[in-house]
Amino acid sequence: MLLIRCPYCEMDRPELEFRYGGEAHVARPVNPMAESDESWAEFLYMRTNPKGLHAERWRHTSGCGRFFNAIRHTVTDRFVVTYKAGEPRPEVKP
Amino acid sequence: MTSFRTAQGGRIDRARTLRFTFDGQSYTGHPGDTLASALIANGVHLMGRSFKYHRPRGPIAAGAEEPNALVGVGRGGRYTPNLRATQVELYDGLVAESQNRWPSLAMDVGEVNDLVPAGVFASGFYYKTFMNPPSAWKDLYEPIIRRAAGLGKAPEQPDPDHYSHRYAFCDVLVVGAGAAGLSAALAAGRAGARVILADEQPDLGGSLLSDASATIDGLPAAEWAAKAAAELAGLANVTVLTRTQCFGAYAQNFFGLAQRLTDHMPVPDPKAARERLWKVRTREVVLATGAIERPLVFPENDRPGVMLASAARTYLNRFGAKPGARAVIFTACDSGYGAAVDLARGGVEIAAIVDMRSEANGPGIDAARAANLPVRTGAVVTGVKGRLRATGVEVGTIASNGLVNPAGQLSCDLVLMAGGWTPSVHLYSQMRGKVRFDAERQIYVPGDRASNEHSVGACGGSFGLADALAQGVAAGTAAAKACGKGATETAVPGVAGEILPRGGYQGAVPHHRDVRKVKAFVDFQNDVTAKDIKLAVREGFRSIEHVKRYTTTGMATDQGKTSNMNGLAIAAETMGKAIPEVGLTTFRPPYTPVTFGTFAGHSRGDLFDPIRRTPSHAWAQARGAAFEDVGMWKRAWYFPKPGETMHAAVERECKAVRASVGLFDASTLGKIEVVGPDAAEFMNRLYTNPWTKLEPGRCRYGLMLNEAGFVMDDGVIGRLAPDRFHVTTTTGGAPRVLAHMEDYLQTEFPELKVWLTSTTEQWAVIAVQGPKAREVIAPLVEGIDLSPAAMPHMSVRLGTICGVPTRLFRVSFTGELGFEINVPAEHGPAVWEAVWKAGEAHGMVPYGTETMHVLRAEKGYIIVGQETDGTVTPNDLGLDWAIGKAKPDFVGKRSLARPDMAKPDRKQLVGLMTSDAGVVLEEGAQITAEAAPVQGRPALGHVTSAYASPTLGRSIAMALVSGGRARIGETLYVPMPSGAIAVTVTEPIFFDKAGSRLDV
Amino acid sequence: MSDAALPAAGMLGGCTVRKADPAARFVLRGTAEVAAGASFGVALPSRLNRAEASDPRAALKLGPDEWLLIAADAAGDIPTAALQAQMEAALAALPHSLVDVSHRQMALLVEGPGAALTLNAAVPLDLSVEAFPVGMATRTIFEKAEIVLWRQGAEAFRIEVWRSFAPYVQALLAAVQAENEAAA
């Protein structure tokens, strides 16, 4: 079971308290009706799925309840850094 | 029967005698014995049959690494298969049986497998032998193989024991309580660190308990261990876990430990858990898991009576059980001499020490010579005589050209193997440590430190006692220091009298015999021979992981504890490569098997999942309700009268609701209170419907889509105030809907000033449905004008009922006049009872979810999750009216404009009428255009709901059908095994299409 | 030898589990300003995962903008509506959400030297006083249920749990207590 640092609680908490929320920094278009079918499909369905560092959303569901973002390495499963929702993706080395 | 019990010595309590049976035969042993040691003391070595060839087998080890002596222990539901007899602690009345044999251990029919022509059971025989015809696999080959090749049988009764879990946290976890582990735990414990020390044995000490020669700080090794154990027991910051196997290492210093609590007791306290799973998170870990002695791979090395030299030493020194009367020690390592000296001192005649090495010197051989033990150097054992027990060996000498010449036979009943030591790097490897190959000793040892890990003693590649103690002290001190603890320093204990285990051998031992006719075992548990591995390589397998799977070496419960290095060496030699070029297979957890009970813990029976009950559950139960599970909830399903069938009960309940009034528990509906100045705007964005103009006191049916445009939930939503909505969700959808709302609120619309609070369990919801509903509740309600003009359909009022505050909704999921009385949950039972009393005069009936389903289907009301499956749009359901078309945006709106969402052949909700009114369709049944479905042509859709409708006096069904609305009036078919059922497509509403019954 | 270093017999399973008295409860959501002006009778904590208590009132900060307010006034005299009105009046000028959840959940008190050990059968958090000090309160997991766990004293915990999950939590605690007593 992983330990995940909640950037709001500022604590390492057990994975059981969290839910995964998919890739981070996929912003919902401000005016969806202005999007083309292609760009909307891109927003809905296309994700990067990298081997390596991945920015993703997590929610401290059974904790403070907040969504936040994490950079996790998809090969080692290690959380490199977690940060609050709305903050820019930090530069981190693999 | 000759006793092989020594006259004295060992850690057994000779004052007490324990009785036990093995395969029905009675024996005796003493407290402190294992099943294996007690059998050996009774002269019994034959304890099992091998996996594939059904060869007779005895124990080769004395601990967790034992591959052969797998037994079933206990009776009935407590029967546990596949236990290693070397780990089963003896207790009075123990019942054990051997496995994988028929009709008996000594006379096993399956042994014919051992006599079939060479090659049949060779590597990959599954793939080669049982390929044709393909149809024969399932019906013929697989059942035979499963019966013949197998381990123990699963118990057939429910397990009467219970099992516990515990999360634990520490600064320093020490795994293994041998010399290295004890000294590490002492150092870290004295320094003040929070320490957990775990060892799979009942006593601390590890190999010290079997050591008859070395002293530590002037004390015999076992005495030093006892002193250390006593000190640890007195340290409040140290938790000592005996009988506890650390079976796996997981991410971020998380470890799984299985503790056996009662298996050693004849009559366990029924309140006690049988086993406990410890889920340990530690900052630092000291791995002191020791090393496993390697067998030597020579012909017939699997005969009962052949065992590891260290095991023989343990049986003799620790258990006072002589493993034989006359021994041949076959060694490539100095530890063979130590065993020989101990056995000779213990009264076992030493026929010969056969050392593969041409030049043997050092303290080991000196000690043997001093004891006048016969030593042959440059020699090998080339075969073992005897079948159910070794009766002698063939010996050969290694010539200067490497070939082996026969050199006669020796009679013996015990053959010891001392092939050197393999560090147990399993946990290190699972921690993603990268092992390093020590070319000089030809073994893998831990490389760079894994995360906060310290491998000490034999598992770190240091086989000497002094080294183990020194490394343990250093690691314990360093680990404590890393946790900020360093109060007390620990001195390294001094050691005298040990024989260092120099030397070792990997791979197949050379011999002079016909390789086609002999079997030299590498993996005893999986019956893999040296020949099998060579064959796999010859057949083209190069990756060691593939060789492992093709030959099955190192697989299953054993995970290659005794076989890994020998298998690897043989594969490397056959490939003409060095061992590190071949690689190493993964050490999978668990290190030893862990029972299902341990993993399940408390999660079984009534505690398998929370069972959620509503405030009126007890009332329904007292009325004889049948319940159904909806998520974790128990919901009243129907209320049968004595002798009444479900069908009859539901028909009666349906008719009563339509004719007079019914009482229904709707408490499980999810409820979310949406509050804040931006509440209406938030609702506009999360639901398809418009909310801005909904007046306080009014309700609206809300439809929620996901961003892809598909229906995810629905429910009636009441506006209590301009800034407050009472949202209801489906029973199963409550957590999902709240999470979905929170997601958008926190991450997409954080500027909105609105907050969400689950109130599902704040309210008991009592639904009163039927033409008499108003009459029933009117006398109980205060402060609310219930008249149709003052409180129309789809409205909500605050007031009082039976003296308690209520949110009273006028809503209907039946098509009848209806109210849903929300009261604070604690008041639920009393208000329910009062409503029931008030309703009796009106012929009110309680009804359950089944009647609810029928009534709503008659009205064509959908149930999310029944009429929908995640691919259904509002238009598919005919719910376009619920979409606020003027709204610029809502979740899912853009997706509804995608071209695929408007295709005319989308599956649309329709009604189905069977031509035979008595036939009720099967939910999930496929629908086709032809009575005889055409192969390769997709079905048009499927039945989503189907009931016998008491109101209509016939069956009804709802279905999703491709282009369904355009097919209304058409005849379609529902093909069933008994023949196709003709149906007519209709609108999906069967009763009171005008809705006149609602407006009363 | 087993469990030798754990607390001695009697101490090990030594905890009691009982239902707390009924209480009024509210979930208050909003900014720090809302918290400051709540007029609940006890100062609302500003630090996440901490509780402030002044009998019979307590405030637990469970999320950055979320407080659980507990008013355990004398039984039969629980001023739910009056408290709500009082707080709504005090907060009228500030955007916020105040929701009555008095009946949504109930509380279990786990007390005694074995309290942490018993809870750790199902709670995945380190409950040593260093890691989970007195005054800490947080939502977490209890095996398959979600709870709020508040450490009221070195050996005293309060569990707030949704009412339909309470029997599960109670039954599991009872099972663990029995096991721990048998082991001791």
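First the proteins, then the strands, lettered A, B, ... as listed; each starts at 1. Source: prediction; values computed, not measured.
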Considering residues, nucleotides and ligands other than [X], do more than 12 of their heavy atoms fall under 6.0 Å from its [atom1]?
X       : atom1 : answer
K885(B) : NZ    : yes
E87(A)  : CD    : yes
K753(B) : NZ    : no
F608(B) : CZ    : no
D448(B) : CG    : no

### Query
Between R894(B) (side chain) and E35(A) (backbone), is there a donor-acceptor pair under 3.5 Å?
yes
### Query
In Å, rounded to the nearest 0.5 Å, how long is the span from CZ of F68(A) to CD of Q746(B)?
11.0 Å
### Distance in Å, E707(B) CD paired with F43(A) CZ, rounded so as to fall on 0.5 Å steps
5.0 Å
### Query
Can you name the side-chain contact (heavy atoms from CB on, under 4.5 Å) partners of R281(B), sequence neighbours left out?
M1(A), L3(A), F169(B), Q252(B), F254(B)
### Message
Heavy-atom pairs under 4.5 Å with chain A: which of A897(B), A739(B), A251(B), S895(B) has the most?
### Response
S895(B)
### Task
Name the region of L44(A), side chain, backbone, both or neither, that has any atom closer than 4.5 Å to a heavy atom of chain B.
side chain
### T76(A), part contacting chain B, at a heavy-atom distance under 4.5 Å
both
### Message
Using every non-hydrogen atom in the two residues, find where D77(A) and R432(B) come nearest and quote the distance to one decimal.
### Response
CB-NH2, 4.4 Å
### Query
So which heavy atom on F67(A) is nearest to which on E742(B), and how close?
CE1-C, 3.9 Å
### Task
Using a 4.5 Å cut-off on heavy atoms from C-beta on, say whether the side chain of T747(B) contacts that of R66(A).
no
Using non-hydrogen atoms and a 4.5 Å limit, figure out which bit of [X] sits close to chain A: side chain, backbone, both or neither.
X       : result
E748(B) : side chain
P750(B) : neither
F255(B) : neither

### Query
Out of R19(A), R57(A), R59(A), which one pairs with D743(B) under the salt bridge (charged side-chain N to carboxylate O under 4.0 Å, His left out) rule?
R57(A)
